[in-house]
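Below is one structure, written out as structure tokens; the observations come after it.
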Protein chains: 2
Amino acid sequence: MKTFNQYQNPALAIDLVVFGYHDTDLFLLLLNRKEEPFKGSWTLPGAFLQMDELFRDTCIRVLKTKLGMANLYLEQLYSFDEMKRDPRGRVISVTYYALINPKKFEVVAGKMANDVKWFKTGKIPNLGFDHEGIFKKALQRLKSKILYYPVGFELLDEEFTMTELHELYESILGIHLDRRNFRRKILDSVYIVPTGTKREGLQNRHPDLYKFNKQLQANKFHLNIDL
Amino acid sequence: MKTFNQYQNPALAIDLVVFGYHDTDLFLLLLNRKEEPFKGSWTLPGAFLQMDELFRDTCIRVLKTKLGMANLYLEQLYSFDEMKRDPRGRVISVTYYALINPKKFEVVAGKMANDVKWFKTGKIPNLGFDHEGIFKKALQRLKSKILYYPVGFELLDEEFTMTELHELYESILGIHLDRRNFRRKILDSVYIVPTGTKREGLQNRHPDLYKFNKQLQANKFHLNIDL
DNA sequence: TCAAAAGTGTTTGTACTACACCCATGC
DNA sequence: GCATGGGTGTAGTACAAACACTTTTGA
């Protein structure tokens, strides 16, 4: 059995679209580049794949070493192959998107205090490389995914109120959803279960708390919305 | 601006899941390998990405040179990164799936007569590499895609009858769909348009012919089926 | 005139939409 | 007791499912 030649392969980068959610707004995590190309521009975090790494390992390495994050929702998005997407040469980018609860992973101040920042997804600056296209594709994916798969919980606290879940959906989809119909739809599925406790210390009525139903096998949930 | 090192990148292969449809059956195109590894096994057609090629170019090259096909529906499926998926070394595989009408591209007899063959998707032999997983993922994608996007037309003739379209859907989804409800649903969307002609020369009533509505912009078609 | 497949319509149930009132809490 | 947000129910509508008869054709 011959082994093939391993020269002349394009470089392989992994780029990450990291979504966070806080206070009714969806955020995107961006890095300010300190090197050419696109020095000074905001870009998606990423790294080149090491020979002994799986894609997912690279994602975790990026998130951990650069951002101090770990253990979050990761899903492969798409692979980008445009010839001129990196001015340094041919680079294929395999992209993933991640969902995190920013509360759990405060971006630590330090040498990179100004290098890493959350941006509201409605107000993204010009991005380096082809990262704007990647971000848009990720947002689109998130929107369609959330319609039929319980993906939003990664963005919330372990326990959450119906209103929080509702606002999350409205924020991601960018549309208004009737509060009462949303509640019924979610509860009719076996999507979430009540914890039996209520959120305390609010100025008004204390709302019920829920958590994600991890036992969920066959999930019949489906929001019927045209994007 | 530094240029990065281009050594030590994994090899990058493009593998193709080619679907064909004929006579109420969905088929998969497979290649019989004449070299190690997996000599004698059936595998998905594929090739290594050339430095000056886009993914899509590689797909077309494979389909054209090996199979004499061109101009078909192509969509990126997923990128596979398992460490041991190729015994020769680290190979990343970016996969695409294709839909073709086998009538238009008869696999030509010749030196590769026994090397290229259509298999019913219900009776796939053991495949080399991790190609069984790739095929399964492609089939899953096709099933969910066909529910909301007019993807099936690539598999049929330019003009087709309602029954043919109906049987195609049943065959891909693997379930029974009520003939009359299917017809109504399809016609209520602006999915297809009648050509005004009928299929002639049949033993029984001559069915109306339709074609895909290429003007279709906002497509509200959606089959509400849990897979 | 018969067999085989194609065309058509109605009824029934279910699911989504829209909408308004009462309840619990802290100030 | 009042302002604020949370919890609940219902009537109307639209869509999906189930289902049967008539029509066209070649043999």
Side-chain angles (χ1 to χ4, degrees), chain A residues 23-25 146-148 156-157 159-171 173 175-211 218-227, chain B residues 23-25 144 146-148 156-157 159-171 173-211 218-227:
Chain A
D23 197 23
T24 77
D25 276 309
I146 205 176
L147 295 181
Y148 64 92
L156 296 174
D157 292 345
E159 302 195 336
F160 50 88
T161 67
M162 187 60 75
T163 300
E164 286 161 2
L165 186 61
H166 176 224
E167 285 172 340
L168 171 66
Y169 269 74
E170 288 195 331
S171 171
L173 294 173
I175 58 173
H176 170 77
L177 299 168
D178 183 88
R179 180 171 70 90
R180 292 151 291 186
N181 293 338
F182 178 81
R183 157 185 284 267
R184 175 163 357 123
K185 186 105 191 191
I186 291 283
L187 287 176
D188 283 353
S189 74
V190 208
Y191 213 68
I192 63 175
V193 289
T195 63
T197 57
K198 291 172 187 294
R199 169 146 301 157
E200 307 287 340
L202 298 179
Q203 195 157 2
N204 34 28
R205 183 169 182 171
H206 295 177
D208 296 341
L209 286 168
Y210 298 88
K211 58 181 179 182
N219 177 20
K220 300 231 169 182
F221 178 73
H222 183 249
L223 276 179
N224 212 15
I225 288 163
D226 286 329
L227 293 178
Chain B
D23 196 21
T24 76
D25 276 310
S144 47
I146 205 174
L147 296 181
Y148 65 92
L156 296 174
D157 293 346
E159 302 195 338
F160 50 87
T161 67
M162 187 61 74
T163 300
E164 285 161 2
L165 185 61
H166 177 226
E167 285 172 340
L168 171 66
Y169 269 74
E170 287 195 332
S171 172
L173 295 172
I175 58 174
H176 170 77
L177 299 169
D178 183 88
R179 182 171 68 90
R180 293 150 291 184
N181 292 337
F182 178 81
R183 158 186 283 267
R184 183 187 4 242
K185 186 106 190 190
I186 291 281
L187 288 176
D188 282 353
S189 74
V190 208
Y191 214 67
I192 61 175
V193 288
T195 64
T197 57
K198 291 171 186 293
R199 170 146 302 157
E200 307 287 340
L202 299 177
Q203 195 157 1
N204 36 27
R205 183 169 182 169
H206 295 177
D208 294 342
L209 286 168
Y210 297 88
K211 58 182 178 182
N219 178 20
K220 300 230 167 177
F221 179 74
H222 183 247
L223 277 177
N224 211 16
I225 289 163
D226 287 328
L227 292 177

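The chains referred to below are lettered A, B, ... by the order of the sequence lines, with proteins before strands, and numbering in each begins at 1.
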What I'd like to find out is whether the side chain of Leu223(B) reaches to under 4.5 Å of the side chain of Ile146(B), using heavy atoms alone.
no
Kindly state which residues belonging to residues 174-183 of chain B come within less than 4.0 angstrom of DNA chain C, counting heavy atoms of the residue only, listed by number.
Arg179(B), Arg180(B), Arg183(B)
From the 5' end of DNA chain C to its 3' end, which nucleotides mark the outer limits of contact with chain B, defined by a 4.0 Å heavy-atom distance cut-off (strictly under)?
dA4(C) to dT10(C)
Of Ile225(B) and His206(A), the one whose nearest nucleotide on DNA chain D sits closer to the 5' end is His206(A)
Which atoms form the tightest heavy-atom contact between Ile192(B) and Phe160(B), and what is the distance?
CG2-CZ, 3.8 Å
Residues two or more places apart in sequence or in another chain: which of them pass side chain to side chain contact (heavy atoms under 4.5 Å, CB included) with Thr161(B)?
Thr163(B), Glu164(B), Arg199(B), Pro207(B), Leu209(B)
Partners meeting salt bridge (Lys or Arg N to Asp or Glu O under 4.0 Å) with Lys211(A) (sequence neighbours left out)
none
For Gln203(A), check side chain to side chain contact (heavy atoms under 4.5 Å, CB included) against everything at least two apart and list the hits.
none
His222(A) side chain near Asn224(B) side chain, heavy-atom distance below 4.5 Å:
yes
Can you see which heavy atom on Asp178(A) is nearest to which on Arg180(A), and at what distance?
OD2-N, 3.0 Å
Holding to side chain to side chain contact (heavy atoms under 4.5 Å, CB included), I want the full list of residues that pass it with Asn204(A), two or more places apart in sequence or in another chain.
Leu202(A)
Heavy-atom closest contact (Leu177(A) atom, Glu170(A) atom, distance)
N-OE2, 2.8 Å
Given 3.5 Å as the limit, does a donor-acceptor pair link the side chain of Asp157(B) with the main chain of Glu159(B), or not?
no
Below 4.5 Å, heavy atoms only, C-beta onward: do Ile186(A) and Phe221(A) meet side chain to side chain?
yes
For Thr163(B), report the nucleic acid contact type (base, sugar-phosphate, nothing); a contact means any heavy atom under 4.0 Å.
sugar-phosphate
With the side chain counted from C-beta on, respond yes when Leu187(A) and Arg183(A) share a heavy-atom pair under 4.5 Å apart, and no when they do not.
yes
If you take any heavy atom closer than 4.0 Å to DNA chain C, which residues from residues 196-205 of chain B end up in contact?
Asn204(B), Arg205(B)
Quick one: ring pair (Phe, Tyr, Trp, His ring centres under 6.0 Å) partners of Phe182(B), sequence neighbours excluded?
His166(B), Tyr169(B)
With sequence neighbours excluded, tell me which residues meet salt bridge (Lys or Arg N to Asp or Glu O under 4.0 Å) with Arg205(B).
none
Positional range of nucleotides in DNA chain D within the contact set of chain B, heavy-atom, under 4.0 Å
dA16(D) to dA27(D)
Touch check for Asp208(B), heavy atoms < 4.0 angstrom, all strands: base, sugar-phosphate only, or nothing?
sugar-phosphate
Bend across the helix from dT1(C)-dA27(D) to dC27(C)-dG1(D), to 10°, with axes taken over 5 pairs at each end?
0°
Going by the rule ring pair (Phe, Tyr, Trp, His ring centres under 6.0 Å), which residues pair with Tyr210(A) if we only count those two or more places apart in sequence or in a different chain?
none
